[in-house]
2 protein chains.
Amino acid sequence: MAKNGTIVEKRKPMTARELARMIGVSQSAVSRAFTPGASIAPDLREKILRFAEDVDYHPNAIASMLSKSRTNIVGIVISDMQNPFYPALIEKLSRALQRVGLQSLLFNITRGANLEEQLSALRRYNVDAVIIVSATILSGQTLRWATEDRAAILINRVAEDAELNCVICDNAEGARAIADHFHETGRRRVAYVAGLSHTTTNRERQNAFITRLAEHGMTLSALIDSGEYSYYAGRNAALGLLERGGTDAIFFANDILAAGGIDALREAGARVPEDIAIAGFDDISMAGWPHYGLTTFRQPVDTIVDVAITMIEDGSCAPGQTPGIRRISGELIKRSSTVGPDAT
Amino acid sequence: MAKNGTIVEKRKPMTARELARMIGVSQSAVSRAFTPGASIAPDLREKILRFAEDVDYHPNAIASMLSKSRTNIVGIVISDMQNPFYPALIEKLSRALQRVGLQSLLFNITRGANLEEQLSALRRYNVDAVIIVSATILSGQTLRWATEDRAAILINRVAEDAELNCVICDNAEGARAIADHFHETGRRRVAYVAGLSHTTTNRERQNAFITRLAEHGMTLSALIDSGEYSYYAGRNAALGLLERGGTDAIFFANDILAAGGIDALREAGARVPEDIAIAGFDDISMAGWPHYGLTTFRQPVDTIVDVAITMIEDGSCAPGQTPGIRRISGELIKRSSTVGPDAT
DNA sequence: GCCAATCTTGCATCCGTATGCAATGCGCGC
DNA sequence: GCGCGCATTGCATACGGATGCAAGATTGGC
């Protein structure tokens with residue numbers, strides 16, 4: 001009744017040569033059968049593929065990579081999975097890559113000194129392209145090192161000192177939309193809460209916002225650098241503003257900050273939006289929850305992903321091509337945190 | 001003034017042979033210099049490594065994979081990035097893998113028919129191991145197919161029909177802890193809200209919870225299958241229970257459901273925990289936010305990750321080894337959703 | 001000072017697939 | 001019926017590094 005006691009040896013997968021010998025053709029034929037567009041008679045291909053299916057042969061991707069020097073792997077560098085915006089982006093990105101036959105090698109980097117060590121595999125693995133997702137952690141120098149001689153795209157961050165392709169939401173447009181919206185809804189003394197103030201996304205949002213406030217003749221009641229893009233940083237910033245007084249609207253640099261802000265204000269007894277209107281940026285799913293009803297500028301994530309994939313597929317992000325910055329338009333989503341529950 | 005107009009050709013990376021010829025040694029020597037423990041004189045290794053650094057030589061990982069038939073890549077299969085628990089887990093997992101020199105190839109699968117197609121790369125890429133994270137989507141059959149002849153670990157799900165290694169939080173322990181806690185805090189008519197009722201995690205939590213209620217002589221006032229592990233599903237379930245009445249505590253199968261439940265109840269005018277106590281499962285970061293203050297059973301994520309990594313490193317999840325289920329103890333985290341703000 | 005044991009090193013080959021080139025076969029036009 | 005041209009196919013080799021084996025270099029023992 002027992003299975004025989006011999007060690008179950010891991011059976012080595014079949015190779016193209018073995019398959020070829022079984023069928024009585026050359027290894028080249030097998031290779032061609034699996035290569036779309038290769039020069040091979042349709043019936044032979046059919047026959048080989050059928051045979052392959054029977055014996056469960058699959059081409060070894062590693063060997064293929066070596067001879068084609070193409071891996072079909074895209075490295076994705078990310079550093080902040082705490083902000084729900086990024087997991088959502090990664091999910092869409094990896095699915096879109098998969099749809100065009102590319103795999104995602106994930107590099108989750110940690111703030112610290114040994115960044116090059118963390119990214120060393122990125123170079124040794126010969127990924128076809130690198131997508132760097134808001135790696136606020138990477139300095140311009142590391143950025144250049146990581147993307148040297150390699151197709152690369154930055155998402156949600158622009159490269160300042162390096163010449164790199166960037167796909168990014170039009171942060172200025174969004175910040176202006178928020179400012180306009182505050183203006184239209186009668187807010188006049190407005191505060192801005194930065195996440196990491198030195199990041200390019202923050203600077204773009206902040207500058208455009210402040211400029212637009214001035215154009216409307218509104219008052220910038222406060223400018224706070226919360227130090228990080230986190231829920232608790234948002235809470236602290238909001239409480240500080242509440243205590244100080246003189247603010248009737250706050251634009252948080254992103255939604256997770258804004259969520260903290262809304263909760264903290266309400267717990268402290270302030271009414272949102274009656275006393276203080278709140279707006280964020282990104283439109284993470286939480287922003288749409290009834291509890292938050294957060295007015296925010298929706299990042300065009302789908303388009304951003306599409307553009308990035310297209311650049312990888314058509315090679316326009318390959319080294320040697322002239323890099324450029326693609327700014328994608330977003331959309332203002334008005335919710336109850338600025339216009340009250342009636343307008344929802 | 002313009003740079004010369006020649007096409008910038010992508011300079012091909014140097015090979016071990018070229019490096020060897022430059023130094024005047026054999027290619028083998030170079031290979032050995034980069035192979036820890038290889039038979040090579042210390043000074044020669046030193047010399048080669050120094051030279052390599054100078055000319056920026058890095059061993060080609062693809063070629064190495066081919067000859068060693070080891071990729072140092074672990075495939076991570078995931079399907080639900082919406083629940084914040086999973087991004088947090090993925091983040092820790094990928095960092096831990098990176099720490100031991102393994103890369104993470106991400107497979108973000110979508111519910112649907114062509115699962116094998118989505119996972120086909122998993123087999124062709126010869127990953128050293130597969131970690132399947134709560135792939136509630138995968139049937140036992142697909143599971144077996146995906147892990148065939150391959151080191152594999154399931155996290156947060158047990159395999160029922162396949163013989164696979166599982167690392168999982170002790171769901172029954174957690175459910176009992178919640179039941180005990182409800183009992184101690186005077187709750188008597190308790191409801192359970194399932195996520196996907198057929199998932200193994202749900203069944204374990206549900207069965208243990210109901211059993212413990214009975215042991216305490218408490219009433220199971222309702223058993224709801226919310227249909228998915230989502231915020232909105234939690235809202236709907238909670239509102240249904242509130243309308244029906246007769247429930248003074250609800251155990252949601254996970255935190256994201258519970259968060260929806262808390263919000264919906266409060267919006268409907270119920271007091272949490274005075275009228276209804278709420279508990280969840282996972283301890284996602286949101287559970288600790290003051291707004292939620294969610295009592296929950298904390299999954300031992302760090303330990304789960306450690307155990308999984310260890311199994312990969314010591315080969316105990318390799319094919320041929322006897323698979324087993326590792327249940328890791330978690331911890332009840334009491335917060336204001338059950339014991340009121342005083343106890344916080 | 002000589003020989004054996006050990007450490008180093010290089011040579012040759014392998015890993016499994018892709019592909020340029022040459023050879024073969026087939027079809028078609030005249 | 002012959003010849004040209006295209007479609008197929010196989011052969012040989014490349015991709016870049018790992019490694020068994022044997023030769024060469026060192027060291028130590030007596």
Side-chain angles (χ1 to χ4, degrees), chain A residues 10-49 51-52 55-73 101 120-121 123-128, chain B residues 10-49 51-52 55-73 101 120-121 123-128:
Chain A
K10 184 173 176 179
R11 65 162 183 268
K12 254 184 44 182
M14 161 148 355
T15 71
R17 268 189 188 74
E18 294 170 343
L19 214 213
R21 197 156 30 74
M22 291 178 53
I23 311 185
V25 296
S26 73
Q27 177 263 325
S28 319
V30 174
S31 173
R32 292 191 176 106
F34 282 90
T35 307
S39 165
I40 186 176
D43 9 350
L44 212 212
R45 161 172 284 154
E46 194 56 39
K47 178 178 170 187
I48 292 177
L49 291 181
F51 238 93
V55 299
D56 199 38
Y57 163 79
H58 296 273
N60 180 323
I62 308 295
S64 168
M65 290 180 208
L66 182 59
S67 57
K68 290 203 296 197
S69 50
R70 182 176 149 83
T71 54
N72 282 335
I73 292 179
S120 65
R123 315 189 80 202
R124 290 185 300 105
Y125 276 60
N126 281 359
V127 296
D128 291 343
Chain B
K10 183 173 176 178
R11 65 161 184 269
K12 253 184 42 183
M14 160 149 356
T15 70
R17 273 188 183 75
E18 293 171 342
L19 214 213
R21 196 154 30 73
M22 291 178 55
I23 310 185
V25 297
S26 72
Q27 176 263 324
S28 320
V30 174
S31 172
R32 292 192 177 107
F34 281 90
T35 307
S39 164
I40 185 176
D43 10 350
L44 213 211
R45 161 173 283 156
E46 195 57 39
K47 178 178 172 187
I48 293 178
L49 291 180
F51 237 95
V55 299
D56 199 38
Y57 164 79
H58 295 273
N60 180 322
I62 308 293
S64 167
M65 290 180 207
L66 183 59
S67 52
K68 289 201 297 197
S69 49
R70 179 174 152 83
T71 54
N72 282 335
I73 291 179
S120 65
R123 315 189 81 200
R124 289 186 299 107
Y125 276 60
N126 281 357
V127 297
D128 291 342

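Note on naming: letters A, B, ... go to the chains in the order of the sequence lines (proteins, then strands), and numbering restarts at 1 for each one.
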(request) Answer with yes or no whether the side chains of A:Asp56 and A:His58 bring together a donor and an acceptor at under 3.5 Å. (result)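 Result is yes, a qualifying pair exists.
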
(message) Whether the B:Asn126 and B:Thr71 side chains hold a donor-acceptor pair (N or O, under 3.5 Å, no angle test) is what I'd like checked.
(response) no

Using the side-chain heavy atoms of [X], tell me which of these nucleotides is nearest: [options].
{"X": "A:Gln27", "options": "D:dT9, C:dG16, C:dA18", "value": "C:dA18"}
{"X": "B:Asn60", "options": "D:dT9, D:dG17, C:dG16", "value": "D:dG17"}
{"X": "A:Ser28", "options": "C:dT8, C:dT19, D:dT19", "value": "C:dT19"}
{"X": "A:Ser26", "options": "D:dG10, D:dG16, C:dA18", "value": "D:dG10"}
{"X": "B:Ala41", "options": "D:dT8, D:dC15, C:dT9", "value": "C:dT9"}

Between [N] atom [atom2] and [X] atom [atom1], what is the distance in whole Å?
{"X": "A:Asn72", "N": "C:dA18", "atom1": "CG", "atom2": "P", "result": "11 Å"}
{"X": "A:Glu18", "N": "C:dC14", "atom1": "CD", "atom2": "C1'", "result": "14 Å"}
{"X": "B:Ile48", "N": "C:dT9", "atom1": "CD1", "atom2": "P", "result": "8 Å"}
{"X": "B:His58", "N": "D:dG17", "atom1": "NE2", "atom2": "C1'", "result": "16 Å"}
{"X": "B:Ile62", "N": "D:dG17", "atom1": "CD1", "atom2": "P", "result": "11 Å"}

(request) Can you check whether any acceptor in the base of C:dG20 is under 3.5 Å from a donor in the side chain of A:Arg32, or vice versa? (result) yes

(request) Please evaluate the base of D:dC15 for a donor-acceptor partner in the side chain of B:Thr15 within a cut-off of under 3.5 Å? (result)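 Check fails, no donor-acceptor contact within cut-off.
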
(message) Closest-nucleotide mapping onto DNA chain C: is B:Ala63 or B:Pro42 further toward the 5' terminus? I mean the 5' end.
(response) B:Pro42

Does [X] put a side-chain nitrogen or oxygen below 4.0 Å from OP1 or OP2 of [N]?
{"X": "B:Ser64", "N": "D:dA18", "result": "yes"}
{"X": "A:Tyr57", "N": "C:dT17", "result": "yes"}
{"X": "A:Ser31", "N": "C:dT17", "result": "no"}

(message) At 4.0 Å (heavy atoms only), tell me whether A:Val30 reaches a base, stays on the sugar-phosphate, or touches nothing.
(response) nothing

(request) Hey, which sits more toward the 5' end of DNA chain D by its nearest nucleotide, A:Lys68 or B:Ala29? (result)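 Taking each residue's closest nucleotide, the earlier one in sequence belongs to A:Lys68.
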
